[in-house]
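Read the numbers this way: they start at 1 and go in the same order the structure lists the ligands and their atoms.
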Amino acid sequence: MKIGVLGGGQLARMLALAGYPLGLDFVVLEPAADACAAPLTRHIQAAYDDPAALQRLAAEVDLVTYEFESVPAAAVQQLGASLPVFPRADSLATARDRRHEKNLFRELGIETAPFALVHDLQTLQQAAEQIGLPAVLKTRTLGYDGKGQQVLRNGDSLQDAWDAIGQAPAILEGLIEFDREVSIIAVRSVSGEMAFYPLAENVHEQGILRLSTCLHGDSHQALAEDYAKRVLERLDYVGVLAIEFFQLGSHLLANEMAPRVHNSGHWTIEGAETSQFENHLRGILGLPLGSTAPVGHTAMINLIGELPHAPAILGIENTHLHLYGKAPRVGRKIGHITLRENTEQALQERISQLKNLI
Ligand SMILES: Nc1ncnc2c1ncn2[C@@H]1O[C@H](COP(=O)(O)OP(=O)(O)O)[C@@H](O)[C@H]1O
Ligand SMILES: [Mg+2]
């Protein structure tokens with residue numbers, strides 16, 4: 001069985017690592033020559049909208065999935081004409097556009113931050129009056145790691161913010177003073193079987209995920225699963241879906257969703273019975289899903305911009321290092337570390353110890 005992946009970054013690399021034990025092979029379509037999944041897969045180096053490259057991919061694989069949501073819709077459509085593409089094209093179309101994903105949340109009775117659509121300076125002005133400041137201006141598409149966003153506070157120039165996001169179609173969203181950020185990784189198989197991982201608590205710095213900690217028996221677990229289930233069923237979703245929430249008291253406000261394996265689920269490689277990567281593959285292949293039960297108390301720390309001293313990291317007991325084979329660059333995710341302990345307290349101690357090293 002050969003799986004085609006649109007995108008050849010670390011998520012594709014980790015999908016491949018999870019797929020080989022299941023006897024799967026991988027072909028990635030990715031424009032960058034130094035794609036970090038390339039050494040583990042067959043790499044078709046071409047633009048995502050190159051019809052000839054898409055045709056070659058379709059001829060080589062049995063099924064297509066993707067590791068990022070900004071794939072042109074036409075590419076997914078072309079592939080979908082000749083073979084299964086999971087998650088489905090309309091799941092992708094919903095998740096890649098903040099307008100559509102927020103409208104879907106609302107339709108399903110899932111709370112979100114207040115938001116308004118922005119398409120020029122005048123609608124930005126109206127949105128700022130309607131939503132109130134502080135607020136965040138976010139491009140509707142193509143944003144990641146906090147890119148394409150501007151926080152607006154009283155007195156800030158709307159023109160500057162509008163220019164800073166490249167005058168792209170956007171939403172203005174109320175800035176939420178959340179208690180915590182959490183995310184749920186959910187998976188649904190072609191057969192309709194569903195599974196949910198324990199919530200992760202996420203800490204971001206400058207819009208980039210730094211730390212995810214798996215929560216045990218969190219009081220918001222049931223609500224998050226209920227919300228995720230509504231989305232999975234409405235979209236007839238297939239594969240792993242991540243939903244990020246702002247938690248405010250007993251409320252969960254859905255921030256965004258990702259139609260793919262997600263950075264806040266990397267802890268599952270060592271911290272769950274079955275990793276999100278394996279379960280994504282099981283789901284899209286229609287295989288029974290694996291247990292999502294946690295194994296011990298686990299946290300994941302992202303390595304951003306700089307390689308750590310591997311011997312020092314691995315010298316800490318119960319620590320696992322994942323390097324993606326990417327050249328270090330400021331603000332670039334180049335790997336992650338998983339920590340697993342028997343108790344919550346021991347885990348917190350390890351996290352502090354590790355933070356001093358990186
Ligand atoms: N409305 C908001 N209120 C408070 N913090 C926000 C808001 N929107 C975004 N953030 C912060 O910025 C991070 C990145 O924003 P997000 O919308 O998830 O975009 P992306 O992950 O695609 O870059 C969030 O995880 C959160 O920490
Ligand atoms: Mg996010």
Side-chain angles (χ1 to χ4, degrees), residues 7 9-11 66-71 92 94-106 110-118 124 127-128 130-154 156 161 164-166 168-186 199-213 220 224 227-228 231 240-249 251-266 276 300-302 304 331-333 336:
Q10 64 265 21
L11 301 180
Y66 27 73
E67 62 137 34
F68 84 130
E69 52 272 49
S70 298
V71 184
L92 186 73
T94 305
R96 74 194 297 267
D97 187 322
R98 295 187 191 276
R99 175 191 187 173
H100 300 320
E101 74 187 352
K102 284 229 161 40
N103 283 338
L104 177 72
F105 291 143
R106 292 232 166 144
I110 301 168
E111 290 189 273
T112 69
F115 73 96
L117 292 175
V118 171
L124 175 56
Q130 183 195 329
I131 305 292
L133 300 184
V136 199
L137 182 64
K138 300 180 178 180
T139 58
R140 277 173 49 186
T141 60
L142 304 174
Y144 70 97
D145 288 349
K147 292 185 176 64
Q149 296 192 16
Q150 285 292 312
V151 175
L152 278 168
R153 298 180 192 279
N154 281 314
D156 285 353
I165 64 154
I171 62 168
L172 186 72
E173 194 180 283
L175 190 74
I176 304 298
E177 291 212 18
F178 49 76
D179 298 334
R180 300 180 303 177
E181 291 194 83
V182 297
S183 59
I184 189 152
I185 308 290
L199 284 171
E201 175 176 351
N202 303 319
V203 178
H204 295 83
E205 283 166 26
Q206 280 111 42
I208 308 179
L209 184 67
R210 297 282 157 166
L211 170 69
S212 283
T213 308
H220 301 83
Y227 283 170
V231 175
V240 161
L241 173 80
I243 308 181
E244 299 176 10
F245 296 101
F246 302 131
Q247 182 240 312
L248 204 87
H251 297 261
L252 290 178
L253 309 188
N255 172 31
E256 62 170 354
M257 62 183 178
R260 52 171 167 80
V261 288
H262 193 256
N263 196 170
S264 70
H266 291 359
Q276 63 164 346
M300 185 255 6
I301 297 182
N302 265 342
I304 298 169
R332 193 180 204 203
K333 290 174 186 167
H336 71 264

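Using a 4.0 Å cut-off to heavy atoms of Glu244, the atoms of ligand 1 that qualify are 18 (O). Distances below 4.0 Å separate heavy atoms of Asp145 from the following atoms of ligand 1: 20 (P), 23 (O).
Considering only non-hydrogen protein atoms, atom 8 (N) of ligand 1 sits nearest to Lys138 NZ, 2.8 Å. Of the protein's non-hydrogen atoms, the one nearest atom 24 (C) of ligand 1 is Glu181 OE1, 3.3 Å. For atom 13 (C) of ligand 1, the nearest non-hydrogen atom of the protein is Gly207 CA, 4.2 Å. The protein heavy-atom contact nearest to atom 23 (O) of ligand 1 is Gly146 N, 2.5 Å. Atom 10 (N) of ligand 1 has as its closest protein heavy atom Phe246 CZ, 4.0 Å. Scanning all protein heavy atoms for the shortest distance to atom 12 (O) of ligand 1 gives Gln149 OE1, 4.1 Å. Protein heavy atom nearest atom 5 (N) of ligand 1, with residue, atom name and distance: Phe178 CE2, 3.6 Å. Scanning the protein for heavy atoms near atom 20 (P) of ligand 1, the closest one is Glu256 OE2, 3.3 Å.
Nearest to the Mg ion (ligand 2), among the N, O or S atoms that Glu256 has, is OE2. The closest approach of Glu244 to the Mg ion (ligand 2), by N/O/S atoms, is made by OE1.
Comment: Arg98 does not engage Glu173 in a salt bridge, judged by the lack of any side-chain N to carboxylate O separation of less than 4.0 angstrom.
Gln130 is not listed as a side-chain neighbour of Leu172, based on a closest heavy-atom distance of 4.5 Å or more.
Ring geometry, Phe178 versus Phe246: the interplanar angle falls under 30°, so the pair is classed parallel (tilted spans 30 to 60°).
Between the side chain of Asn202 and the backbone N or O of Ser212 there is no donor-acceptor pair closer than 3.5 Å. For Glu67 (side chain) and Gly9 (main-chain N/O), a donor-acceptor pair under 3.5 Å exists by modelled atom type. Formation of a donor-acceptor pair under 3.5 Å by the His204 side chain with backbone atoms of Asp145 is not found in this model.
Which of Met257, Glu173, His204, Glu69 comes nearest to atom 1 (N) of ligand 1 through a heavy atom is settled by distance: it is Glu173.
Neither the backbone nor the side chain of His262 has any atom closer than 4.0 Å to an atom of ligand 1 (non-hydrogen atoms only). When heavy-atom distances to ligand 1 are checked against a 4.0 Å cut-off, Ile176 comes that close through both its backbone and its side chain.
Distances from atom 26 (C) of ligand 1 to the protein include at least one heavy-atom value under 4.0 Å.
Polar contact check, Leu175 against ligand 1: no nitrogen or oxygen pair lies under 3.5 Å apart.
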